[in-house]
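Hydrogens, waters and symmetry mates are skipped; everything else that's a heavy atom, side chains included, is used. Counting from 1, the numbers follow the sequence of the chain as shown.
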Amino acid sequence: WPAAGGEGYGAAVVSRLDARVIGHVAVLARSGGGPYAAEILAARPAQVRSLHLACAFAERPERADALMEADAVAADPVAWWRFPADSSIHSIPGFVDSVIEEATRGLFAKGRDVPPDGLSQAFRLYESEPLRDLTSVQAPAFLYWGSADELVPLEQMGRWTAALAG
């Protein structure tokens with residue numbers, strides 16, 4: 001999240017799209033990418049060809065306090081990205097290993113002894129920034145959620161649906 005805030009992030013992405021003469025885009029967000037996608041959508045809704053949200057945060061869930069402690073996640077990152085044994089996510093070859101590898105690499109990009117400031121910042125973002133009004137987005141939206149997801153529960157999908165529909 002740049003110092004300019006969410007609108008600054010959306011404007012920066014749109015500026016890069018314009019510089020590369022990219023017309024329509026498909027926007028995909030999963031998990032923590034939700035607020036970032038919302039800023040892109042708000043900055044240039046007519047440029048969006050389609051929106052795909054895969055268990056993407058709209059804002060901090062009410063019961064997330066115990067699940068969203070950055071230091072606890074840093075102490076055992078694999079536990080946070082562990083999926084229940086009966087989750088259909090296991091039917092996607094390599095997905096679980098890939099998610100754990102990506103998340104661990106991102107969490108410890110500056111070294112294991114460095115505080116998880118990036119994750120802490122993301123958690124604060126979900127607390128402080130409400131989901132924007134996205135009723136100007138006319139592109140088709142595809143929302144993918146799992147009913148057993150404790151971190152990004154179905155209520156988050158409802159928030160997206162309300163923000164997009166008005």
Side-chain angles (χ1 to χ4, degrees), residues 1-62 64 67-68 80-81 83-84 87-107 109 118-166:
W1 214 242
E7 288 182 30
Y9 174 82
V13 170
V14 167
S15 174
R16 287 193 172 93
L17 294 172
D18 289 347
R20 289 168 177 75
V21 194
I22 297 173
H24 289 90
V25 296
V27 176
L28 167 69
R30 89 176 151 82
S31 192
Y36 300 93
E39 294 302 332
I40 296 167
L41 296 167
R44 190 76 63 81
Q47 197 168 356
V48 177
R49 178 185 317 221
S50 63
L51 170 63
H52 304 266
L53 300 170
C55 296
F57 279 106
E59 56 201 14
R60 186 180 176 102
E62 289 180 21
L67 298 171
M68 296 178 79
W80 192 17
W81 284 281
F83 297 90
S87 172
S88 61
I89 205 73
H90 294 288
S91 67
I92 303 171
F95 181 83
V96 173
D97 291 337
S98 176
V99 167
I100 290 170
E101 181 182 315
E102 176 188 340
T104 304
R105 183 176 51 249
L107 186 61
L119 188 60
S120 297
Q121 178 186 5
F123 289 169
R124 284 191 307 274
L125 168 66
Y126 308 137
E127 286 178 355
S128 63
E129 298 288 326
L131 185 61
R132 301 204 30 178
D133 177 351
L134 301 172
T135 54
S136 59
V137 176
Q138 298 301 308
F142 302 90
L143 284 66
Y144 313 94
W145 251 259
S147 60
D149 192 331
E150 294 179 17
L151 190 58
V152 190
L154 286 171
E155 291 85 11
Q156 296 287 303
M157 184 173 74
R159 288 288 299 118
W160 281 104
T161 301
L164 290 162

Side chains of residues 22-32: which donor-acceptor pairs under 3.5 Å do they make with residues two or more places apart or in other chains?
from	atom 1	to	atom 2	distance (Å)
Arg30	NH2	Glu102	OE1	2.8
Arg30	NH2	Glu102	OE2	3.0

TODO: Going by the side chain to side chain contact (heavy atoms under 4.5 Å, CB included) test, name the single residue among Leu41, Ile40, Leu134 that passes it with Leu51.
DONE: Leu41

Task: Sidechain-backbone polar pair: Gln156 side chain, Phe57 backbone, donor-acceptor under 3.5 Å - done: no

Task: Closest non-hydrogen atom pair between Trp160 and Trp145, with its separation - done: CD1-CH2, 3.8 Å

TODO: Using the side-chain hydrogen bond (donor to acceptor under 3.5 Å, both in side chains) rule, collect all pairs that involve residues 90-100, keeping only residues at least two apart or in two chains.
DONE: none

Open item on the list: Tell me whether Gln138 contacts the main-chain N or O of Thr135 through its side chain, where contact means a donor paired with an acceptor under 3.5 Å.
Closed with: yes

- [ ] Describe, in one word, how the ring planes of Tyr9 and Tyr36 are oriented to each other, choosing from parallel (under 30°), tilted (30 to 60°) and perpendicular (over 60°).
- [x] perpendicular

TODO: Give the minimum heavy-atom separation between Cys55 and Gly146, together with the two atoms involved.
DONE: SG-N, 3.8 Å

Task: Distance-minimising heavy-atom pair for Ala141 and Leu164 - done: CB-CD1, 3.9 Å

TODO: Using the side chain to side chain contact (heavy atoms under 4.5 Å, CB included) rule, pick out the option among Val13, Asp18, Leu17 that qualifies with Arg44.
DONE: Asp18

TODO: Could you pull out all residues at least two apart from Arg159 that satisfy salt bridge (Lys or Arg N to Asp or Glu O under 4.0 Å)?
DONE: Glu59

Task: Minimum heavy-atom distance Val14-Ala43, with the two atoms named - done: CG2-CB, 3.7 Å

- [ ] Indicate the atoms forming the closest heavy-atom contact of Ala163 with Leu131, along with that distance.
- [x] CB-CD2, 3.5 Å

